Structure formats: structure tokens, C-alpha cells
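As C-alpha cells, the structure follows; a few thoughts come after it.
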2 protein chains.
Amino acid sequence: MDSTAVARKLGAFVALSDADRCILTGLVKRRRSFEAGRDLVLQGQSDHVAYIVVSGWACSYKLLPDGQRQIVDFQIPGDFLGLRSLMLHLSDHSVEPITDLLVSEIRYPDLLDAFRQAPRLATGILWAASRDEAMVVEHLVGIGRREASVRMAHFLLETGARLSLVSNGTRDGYACPLTQYHLADALGLSSVHVNRVLRLLREEGLVTFRDGFVTFDDYDRLVEYAEFERAYLDQDGPLLT
Amino acid sequence: MDSTAVARKLGAFVALSDADRCILTGLVKRRRSFEAGRDLVLQGQSDHVAYIVVSGWACSYKLLPDGQRQIVDFQIPGDFLGLRSLMLHLSDHSVEPITDLLVSEIRYPDLLDAFRQAPRLATGILWAASRDEAMVVEHLVGIGRREASVRMAHFLLETGARLSLVSNGTRDGYACPLTQYHLADALGLSSVHVNRVLRLLREEGLVTFRDGFVTFDDYDRLVEYAEFERAYLDQDGPLLT
DNA sequence: CCTCAATCCTGACCGAGATCAGTCACGGGT
DNA sequence: ACCCGTGACTGATCTCGGTCAGGATTGAGG
């Protein structure tokens with residue numbers, strides 16, 4: 001997965017000119033890598049840099065005063081990381097690489113320059129931010145409303161759909177480096193309950209999560225069970241010419 | 001409250017030139033009004049228009065398959081309304097005016113033109129979108145994690161802080177047209193429990209919500225009780241010259 | 001003055017899911 | 001071969017907050 005993942009993602013929304021594409025490529029040239037487990041953005045820190053994931057998984061999370069953490073979102077290849085912190089000049093969350101992580105770095109002044117030179121890049125990035133927000137809302141709305149097993153099913157489907165957009169998953173399943181603790185923190189459950197719920201879904205013949213792989217045992221029934229609507233993830237094609 | 005509310009809000013982030021300001025004013029010239037209770041955006045509808053609230057309150061919400069609704073955010077004067085729908089070309093939520101509502105209308109092509117002519121307007125709007133997202137995340141993270149009374153206290157404080165930014169509230173309190181049902185749908189509680197929690201906060205001498213007015217009985221103790229951090233709402237001043 | 005419809009308010013009951021307190025399988029280090 | 005740390009897994013118990021089933025208060029309209 002190289003920098004074209006971003007271009008492909010944004011290109012699905014705005015029709016980028018060669019010049020736009022060139023500026024975008026220049027923007028994401030600088031590469032960095034982080035090792036699993038060592039946080040790369042810290043809540044409360046003022047940071048003037050954002051990233052785009054090239055390979056690996058990360059999660060952004062908030063620490064609550066009582067010591068619990070809420071994972072707000074997982075980032076997979078092609079996703080922005082810390083864009084909100086960049087705009088707000090203050091990180092309201094921390095980011096932890098789940099696997100070893102390769103990213104390209106985006107500096108704030110470069111981003112502003114890019115906006116000046118390529119306005120439709122700005123539109124594209126605003127679109128990407130909107131899509132991320134829609135996902136976060138969809139994700140967080142589930143918490144406390146849907147019951148635990150439906151939440152889990154929905155999450156596994158959503159992640160699968162996102163991965164398939166960047167060719168890392170199919171209807172059969174996908175490789176998933178998350179631990180049950182990650183799932184617990186993301187879904188607002190205890191790890192104990194995560195375990196129970198996964199067992200339930202497995203015994204129902206819907207989906208199996210084992211040894212780092214998610215296997216959809218019965219995709220259609222799972223979609224129905226999870227009330228999964230994927231409209232907010234997809235984009236039919238460039239909407240802006 | 002006239003269109004300068006937006007200019008003031010964006011101006012707190014990017015230093016707008018007179019030309020930028022002029023384009024912004026042109027963008028928000030068209031006025032419309034809606035009566036309380038009649039929805040103005042519907043979930044699933046493709047819409048090419050967004051609004052900025054001039055006066056009144058609205059709420060954006062999602063309907064869940066089981067008939068419950070989750071209020072995602074309330075919009076008060078100066079807030080965007082449906083910006084995400086505009087970018088995604090699909091509304092993932094509905095909007096209901098809580099009081100009679102006066103808004104200025106923003107059309108998609110006009111927005112794109114404005115981006116071309118005034119790139120720093122794009123930066124400002126991306127910032128506003130980021131701020132909104134941060135608020136939504138902060139808001140929704142509380143659901144299912146903080147306990148009900150803390151959630152309520154936090155919400156009342158946050159709303160007060162937002163209103164004070166547009167001169168509609170003080171440390172003493174504010175006028176609030178919400179019913180307990182609105183609070184229930186926003187905080188993910190039953191209306192019964194909302195009532196219990198409001199009584200508890202009142203009896204603790206922290207805050208009183210009665211007859212359409214929120215009165216902070218002991219602001220400092222309430223802030224402590226709610227673990228309220230207002231950093232994500234404020235902006236020290238223009239960060240971009 | 002008497003409905004009616006909202007909205008607010010209350011107590012009794014109950015269930016989903018957290019907490020607690022463990023066991024089991026494994027892999028790495030010494 | 002042993003220890004120890006990590007993650008998966010299980011059942012018993014407790015509690016927050018939802019549901020149900022009402023009652024009180026208000027204002028609008030006939």
C-alpha cells in the first residue's frame with residue numbers, strides 16, 4: 001500500500017487534476033514508522049503534525065478521568081490520523097499503534113500551502129473528515145443503544161467493509177490484530193463480556209474471531225443480525241467534477 | 001444575532017481578510033425560517049443544502065431501527081447544520097427545530113466557489129467541522145461510560161459554555177427550551193431516569209432545571225462533579241495568520 | 001367550567017451487563 | 001523443567017438504570 005491509497009480515497013470524491021495529484025504526492029512524501037504499543041500522539045499535547053496510515057493498524061482513544069479508556073476509532077491503511085488535532089492545534093485524544101505502523105507525515109504549513117494551491121484538495125479532505133465523523137457518530141451511537149452482541153457484530157462487519165475498500169478483506173473474513181481488550185475498550189464492554197459475546201456469535205454460526213482472524217460464517221445472516229447499513233461507508237464515484 | 005456570528009466564530013481561528021469576509025457574507029445572505037417541530041432534514045434524503053443557525057434551537061438525531069432515537073447534537077445560533085450531509089451528499093441524520101428557527105441557507109455550488117476564491121475560508125470551515133466533531137465525540141463518549149448524573153451535569157455545563165460564546169448564557173444559567181424527553185434522547189437515558197437525575201442534582205444544590213431555565217446553583221462544585229474540561233470548546237485567538 | 005393532551009414526577013420491579021474471583025493454555029526466559 | 005506474564009475463558013453476584021403503571025400539574029380549547 002503506497003501513497004496512492006489516499007489519492008484513491010480522495011479521488012473517489014473529487015476528480016483530482018494531475019496538478020492536484022502532484023501536490024498531494026508532495027504532501028505525503030515524508031515517511032515515518034512507529035513500533036507497536038508505543039503511543040505516538042498524547043491527549044492534551046499540542047501537535048502540529050498529522051499522518052496518513054500506509055500500513056498497519058492504530059487506534060485513537062480518550063482516557064476518562066476514572067482511568068477507563070474509550071477507543072474512538074481504529075485507523076487502517078489510507079486513513080487520516082490526527083487531522084482533527086492538527087486543525088484544533090490540540091490533541092483531544094491519544095493514538096496507539098496496534099501493530100508496527102508505517103505512516104506518511106503531514107505538516108501543518110504544508111497542508112495550508114496545499115489548500116492555497118489546490119482548493120479541490122481542501123474539498124476532498126473536508127469530505128474525508130466528514131466521512132470519518134459520520135463513522136465515529138455511527139460507531140458511538142451504537143454504544144449504550146444497541147445491545148452488546150449486536151454492537152460486536154456491527155463492529156466486525158464495519159471493519160470488514162472498511163478493509164475491503166483498501167483490498168485487505170473479503171466477504172469471507174480478514175486478518176485482525178486486535179485483542180479482546182481492544183474490542184472491549186472500543187465497544188464499551190468489559191473484556192469478560194467481549195468473550196461471552198464472541199462465544200455467542202460463534203455458537204450461533206454467525207462469525208468467528210480466533211487466532212487473529214475474523215471469519216464470517218454466515219455473512220448475510222450476520223448483516224441482518226447487526227442491522228448493518230453500509231451506505232455511509234461507500235461512495236458511488238466522483239460526485240464533483 | 002446576525003450573520004456576523006459565523007464570521008466571529010471562524011474569525012476566532014483564521015484571520016479573515018475583508019475579501020474573505022465579503023465572500024462569507026455573500027454565502028450566508030439567503031434567509032429561511034422553520035417552525036418548531038417540523039423536521040427540516042430527513043435521514044436518508046440526498047440534500048444539497050446546509051444552513052447556519054441565526055436564532056433558535058435545533059437538534060440533529062439518528063433514528064435507530066428499534067424506533068429509539070439518539071440526539072447527536074443540538075444546534076444553537078452560529079452553528080452549522082447539515083454540513084456533513086452537504087459534503088457526503090447524503091444525510092445520515094434528521095434535523096428537528098426545537099423552537100421556531102431562523103437560518104441562512106448555504107448552497108453546495110456556492111460553497112465550492114467560495115472555497116476556490118477564499119482558500120482560508122476552507123481552512124476555517126474545516127476547523128469548524130473539526131470542532132463540531134470533537135464536541136460530538138466528547139459528547140458521545142460520555143454515553144455508556146460516565147454515569148447518568150455526571151453525564152447530565154456535563155451536558156448542562158457544555159451547553160452553557162457554548163451559549164456563553166454567543167452571548168446567550170452566563171455562569172448563573174441560561175434559558176433552555178429543551179424538554180426532559182430531549183435530554184433523555186440526547187443522553188441515552190429514559191425520561192424517568194432523566195427526572196430522577198435532575199432531582200438529584202437539584203437536591204445536591206448543584207444545578208436546577210425548571211420552567212425552561214437552567215440555573216447553576218454552585219458552578220464550581222458542578223464543574224468538579226461533572227469532570228468538565230472546556231478546553232475543546234475554546235479557542236485562544238486566531239492561530240493562523 | 002370541564003375536558004384533553006403535554007409534561008413532569010414517583011415507586012416497584014427486573015434485567016443486561018459490570019465486577020469479582022478464579023482456571024486454563026501458551027510462549028519466552030533462565 | 002520451572003517460573004511467570006499474557007490472553008482466553010467461565011460462573012456467581014451485584015447494581016445501575018430501564019420498564020411498567022400509575023398520579024399530579026399545567027395550559028389550551030370548547
Side-chain angles (χ1 to χ4, degrees), chain A residues 36-37 57 59 64 66-71 96 98-99 142-156 175-204 207-215 225, chain B residues 35-38 57 59 64 66-71 96 98-99 142-156 175-204 207-215 225:
Chain A
W57 290 45
C59 68
L64 306 183
D66 62 2
Q68 289 199 307
R69 76 168 185 177
Q70 172 70 48
I71 292 180
E96 177 199 306
I98 290 168
T99 65
I143 296 178
R145 294 309 191 116
R146 299 187 230 268
E147 70 174 30
S149 57
V150 177
R151 225 181 298 169
M152 176 68 75
H154 193 277
F155 172 78
L156 293 176
C176 176
L178 305 178
T179 68
Q180 294 190 348
Y181 293 96
H182 285 125
L183 293 175
D185 286 344
L187 300 177
L189 302 171
S190 67
S191 64
V192 178
H193 208 57
V194 165
N195 194 281
R196 274 200 283 262
V197 163
L198 286 176
R199 174 158 50 107
L200 188 136
L201 293 175
R202 188 182 345 116
E203 287 170 354
E204 286 291 320
V207 60
T208 304
F209 181 13
R210 201 163 245 175
D211 302 325
F213 278 88
V214 173
T215 310
Y225 182 82
Chain B
E35 64 182 287
R38 182 96 52 84
W57 290 45
C59 67
L64 306 183
D66 63 2
Q68 289 199 307
R69 76 168 184 177
Q70 171 71 48
I71 292 181
E96 176 197 307
I98 291 169
T99 65
I143 296 178
R145 295 309 192 115
R146 299 186 231 267
E147 70 174 30
S149 57
V150 177
R151 226 181 297 171
M152 176 68 75
H154 193 277
F155 172 79
L156 295 176
C176 176
L178 305 178
T179 70
Q180 295 189 350
Y181 295 95
H182 285 125
L183 293 174
D185 285 344
L187 301 177
L189 301 171
S190 66
S191 63
V192 176
H193 208 59
V194 164
N195 194 282
R196 275 201 283 258
V197 163
L198 285 175
R199 174 157 48 103
L200 187 136
L201 293 175
R202 188 181 346 115
E203 287 171 352
E204 286 291 319
V207 61
T208 304
F209 180 14
R210 197 163 248 174
D211 304 325
F213 278 89
V214 173
T215 311
Y225 182 82

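Just so it is clear: chains get the letters A, B, ... in the order the sequence lines come, proteins before strands, and each one is counted from 1. Treat the numbers as computed from the prediction; the structure is a model and nothing was measured. These values consider heavy atoms only, across backbone and side chains, with no hydrogens, waters or symmetry-generated copies.
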Integer-rounded Å distance: C/dG17 P and A/Arg145 CZ: 14 Å
Rounded distance (nearest 0.5 Å) linking atom CG of A/Leu187 with atom CD of A/Gln70: 8.5 Å
Give a yes/no on whether any side-chain N or O of A/Arg199 is located under 4.0 angstrom from OP1 or OP2 of D/dT10. yes
Residue set satisfying side-chain contact (heavy atoms from CB on, under 4.5 Å) with B/Phe213, at least two apart, ordered chain then number -> B/Ala175
Residue list, side-chain contact (heavy atoms from CB on, under 4.5 Å) with B/Leu200, at least two apart or on another chain: B/Ser149, B/Glu204, B/Tyr225
Check side-chain contact (heavy atoms from CB on, under 4.5 Å) between A/Arg69 and all other residues, then give those that pass, not counting sequence neighbours. A/Tyr61, A/Leu63, A/Ile71, A/Glu96, A/His182, A/Asp185
How many Å lie between CG on B/Asp211 and P on D/dT26, as a whole number? 10 Å
Report the distance from atom CD of B/Gln68 to atom CZ of A/Arg146, rounding to the nearest 0.5 Å. 10.5 Å
Summary of salt bridge (charged side-chain N to carboxylate O under 4.0 Å, His left out) pairs that have at least one residue in residues 190-199 of chain A, sequence neighbours excluded: none
Per-nucleotide protein contact string for nucleotides 24-29 of chain C, where B marks a base within reach and S marks sugar-phosphate only (heavy atoms under 4.0 Å, - for neither): ------
Go through the N and O atoms of the side chain of B/Arg196 and the base of C/dG11, and report whether any donor-acceptor pair is under 3.5 Å. no
Distance below 4.0 Å between A/Arg210 side-chain N/O and D/dC9 OP1 or OP2: yes
Could you give the CE-to-P distance, from A/Met152 to C/dA16, as a whole number of Å? 17 Å
To the nearest angstrom, the OH-P distance between A/Tyr181 and D/dG5 comes to 14 Å
Give the nucleotide from the list D/dG17, C/dC9, D/dC9 with an atom nearest to the side chain of A/Arg202. D/dC9
When rounded to whole Å, the CG to P distance for the pair B/Asn195 and D/dT19 reads 15 Å
Partner set under ring-ring contact (aromatic ring centres under 6.0 Å, His included) for B/Phe155, not counting sequence neighbours: B/Phe74
Starting at CG of B/Leu189 and ending at C1' of D/dT19, how long is that distance when rounded to a whole Å? 14 Å
Quick one: does any side-chain atom of B/Ser191 pair with a main-chain N or O of B/Tyr181 as donor and acceptor, under 3.5 Å? no
Report, one pair per line, the protein and nucleotides 20-25 of chain D atoms (nitrogen or oxygen only) whose separation is under 3.5 Å.
none

Expressed as a whole number of angstroms, how long is the span from B/His193:NE2 to C/dT10:P? 14 Å
Once side-chain contact (heavy atoms from CB on, under 4.5 Å) is applied, do any residues pair with B/Thr208, and if so which ones, sequence neighbours excluded? B/Arg202, B/Arg210, B/Thr215, B/Asp217
Please give, in whole Å, the distance from C/dA18 P to A/Gln68 CD? 9 Å
